[in-house]
Amino acid sequence: MGGTSGAKKGKMTRILLADDQQVVRQALRWLIEREADLEVVGEASDGLEVLPMAERLKPDVLITDVAMPGLYGLEVTRRVRELTPGTGVVILSRYLNEWYVTEALRSGALGYVVRQSDSAELMRAIRMAARGRHYLGSPLNKDVIDVWMARAARRLPDPYETLTSREREILQLVAEGYSSTGIARRLAISARTAEAHRANTMRKLRLRNQAALIRYALSRGVLPPALPLPREARVRRGGRPRPPLSRPRRTPS
């Protein structure tokens with residue numbers, strides 16, 4: 001903690017951190033707990049871990065990355081907003097991209113800050129989210145977001161929206177390389193149930209094999225992109241940056 005810790009008084013803003021990299025969580029905790037009115041009440045390294053923690057802790061703010069194993073950050077955002085409506089979600093992401101930003105806001109995020117931002121922007125986003133207000137870190141601004149959200153509203157329906165919450169979990173775990181047995185262990189269900197959910201997911205998305213599922217997961221942002229996103233998920237022309245290359249995916253144990 002920093003030198004302001006002794007001055008902590010009154011109601012604290014309680015924060016849950018979700019990032020798969022421990023060094024990032026440690027850095028965020030150090031930055032946050034230097035502030036007199038902010039405290040970290042929990043940490044999660046996996047998207048599936050976030051949901052029970054959020055339901056148990058009921059934090060004022062969740063800070064999450066987009067690229068989370070188990071359950072990616074946009075789906076985490078949607079589920080947390082359903083489980084604990086009083087929790088404001090701030091996305092802290094490397095992706096300054098129209099598709100990711102609009103999907104984050106459509107999923108219920110109140111803040112979106114890119115990792116290249118100054119730490120003061122993250123603190124402002126946290127405090128705004130705790131009050132139920134939106135905050136967009138630079139270089140995002142309301143005019144740009146209004147245009148992006150209007151375009152998002154005109155997109156064709158996505159079959160992803162027809163998936164149940166369990167099927168969305170299955171989609172990501174299959175894309176990450178888990179077998180039905182591995183999925184069953186992760187989700188505490190039977191292998192037969194996991195296989196049935198997997199078959200339903202493939203049917204709803206009209207996918208025939210694992211390669212097609214992985215391509216779909218990349219295009220939908222469920223997996224971090226190693227290649228540019230497909231046309232509907234790319235940034236439009238106008239000089240805005242495209243998503244950078246992701247780090248290599250882990251191989252589940």
Side-chain angles (χ1 to χ4, degrees), residues 12-33 35 38-97 100-101 103-117 119 121-130 132 134-137 165 168-169 171-173 175-176 178 186-187 217 220-225 243 246-247 249-250 252:
M12 302 289 288
T13 295
R14 303 169 67 253
I15 299 161
L16 175 60
L17 298 178
D19 194 288
D20 64 334
Q21 298 183 28
Q22 184 175 359
V23 67
V24 173
R25 297 197 308 275
Q26 289 175 337
L28 288 173
R29 178 183 281 273
W30 183 82
L31 286 169
I32 289 167
E33 294 193 334
E35 303 295 315
L38 308 179
E39 65 176 338
V40 175
V41 295
E43 298 182 18
S45 60
D46 180 290
L48 290 171
E49 295 175 0
V50 176
L51 306 180
M53 290 185 70
E55 193 167 22
R56 175 170 55 85
L57 296 171
K58 294 182 172 53
D60 300 304
V61 176
L62 165 67
I63 301 173
T64 183
D65 188 10
V66 169
M68 291 285 288
L71 198 64
Y72 81 126
L74 303 185
E75 184 62 20
V76 167
T77 298
R78 186 186 73 83
R79 299 274 291 276
V80 166
R81 293 293 291 163
E82 290 176 352
L83 288 170
T84 59
T87 299
V89 180
V90 174
I91 301 290
L92 180 62
S93 174
R94 77 197 68 184
Y95 304 122
L96 180 58
N97 171 280
Y100 278 110
V101 175
E103 287 300 299
L105 296 176
R106 281 156 55 94
S107 298
L110 292 177
Y112 197 103
V113 179
V114 293
R115 294 196 179 208
Q116 297 87 340
S117 299
S119 62
E121 285 212 274
L122 178 59
M123 300 308 135
R124 283 194 290 272
I126 291 170
R127 292 185 174 101
M128 293 287 277
H134 286 87
Y135 183 86
L136 301 170
S165 294
R168 295 180 186 193
E169 295 170 358
L171 168 64
Q172 178 157 349
L173 293 173
E176 289 181 359
Y178 283 86
R186 286 293 323 263
L187 301 180
R220 190 58 180 66
V222 173
L223 295 179
S246 70
R247 61 185 180 279
R249 281 192 297 119
R250 287 173 302 279

Take Val90 and Leu110, measure what side-chain contact (heavy atoms from CB on, under 4.5 Å) needs, and give me the verdict at the end. CA-CA 6 Å; Val90 174; Leu110 292 177; 5.8 Å; no
Evaluate the criterion side-chain contact (heavy atoms from CB on, under 4.5 Å) for residue pair Leu16 and Thr87; output intermediate values, then yes/no. CA-CA 10 Å; Leu16 175 60; Thr87 299; over 6 Å; no
Given Arg106 and Glu103, is the salt bridge (charged side-chain N to carboxylate O under 4.0 Å, His left out) satisfied, shown in steps? CA-CA 5 Å; Arg106 281 156 55 94; Glu103 287 300 299; 3.1 Å; yes
Going through the distances and angles, do Gln172 and Tyr178 end up as a side chain to side chain donor-acceptor pair (under 3.5 Å)? CA-CA 9 Å; Gln172 178 157 349; Tyr178 283 86; over 6 Å; no
Under the side chain to side chain donor-acceptor pair (under 3.5 Å) rule, what do Tyr72 and Arg220 come out as? Steps first, then yes or no, please. CA-CA 11 Å; Tyr72 81 126; Arg220 190 58 180 66; 3.2 Å; yes
side-chain contact (heavy atoms from CB on, under 4.5 Å) between Asp65 and Arg94: does it pass, once the steps are laid out? CA-CA 8 Å; Asp65 188 10; Arg94 77 197 68 184; 3.7 Å; yes
Carefully, step by step, assess Ile126 and Met123 under the rule side-chain contact (heavy atoms from CB on, under 4.5 Å). CA-CA 5 Å; Ile126 291 170; Met123 300 308 135; 4.3 Å; yes
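Val61 pairs in a side-chain contact (heavy atoms from CB on, under 4.5 Å) with only one of the listed residues (Ile32, Thr13, Val89), which is Thr13. Checking Leu71, Leu223, Val222 one by one against Leu171, the side-chain contact (heavy atoms from CB on, under 4.5 Å) holds for a single residue, Val222.
Panel note: side chain Glu55, backbone Leu83; no donor-acceptor pair is recorded below 3.5 Å. The main-chain N or O of Arg14 is found under 3.5 Å from a side-chain atom of Asp60 such that the two form a donor-acceptor pair.
Using a 4.0 Å cut-off between charged side-chain N and carboxylate O, Glu176 and Arg186 make no salt bridge. We find that Arg78 and Glu75 are joined by a salt bridge, their nearest charged nitrogen and carboxylate oxygen being less than 4.0 Å apart.
Heavy atoms only, all atoms of each residue included: Met68 and Asp20 are closest at SD-N, 3.8 Å. Between Leu57 and Val41, the closest heavy-atom pair is CD1-O, 3.7 Å. When all heavy atoms of Ala44 and Met53 are compared, the pair lying nearest together is CB-SD, 3.9 Å. Of all the heavy atoms in Val40 and Glu33, the pair that sits closest is N-OE2, 3.2 Å. The two residues Gly73 and Ile91 come nearest to each other via the heavy atoms O-CD1, 4.4 Å. The two residues Ile15 and Leu38 make their nearest non-hydrogen contact at CD1-CB, 4.0 Å.
Proximity of Leu62 to Thr84: side-chain heavy atoms (C-beta onward) are nowhere separated by under 4.5 Å. The closest side-chain heavy-atom distance from His134 to Leu105 is below 4.5 Å.
Atom CZ of Arg29 sits about 11.0 Å away from atom CD1 of Ile63, to the nearest 0.5 Å. Considering CG of Asp19 and CD of Gln26, their distance stands at 11.0 Å, rounded to 0.5 Å. Atom CD in Gln21 sits 10.5 Å away from atom CG in Leu28 (nearest 0.5 Å). To the nearest 0.5 Å, the span separating CD on Glu121 from OH on Tyr112 amounts to 13.5 Å. Rounded to the nearest 0.5 Å, atoms OG (Ser107) and CD (Glu82) are 10.0 Å apart. In this structure, CZ in Arg127 is found 4.5 Å from CD in Glu35, a value given to the nearest 0.5 Å.
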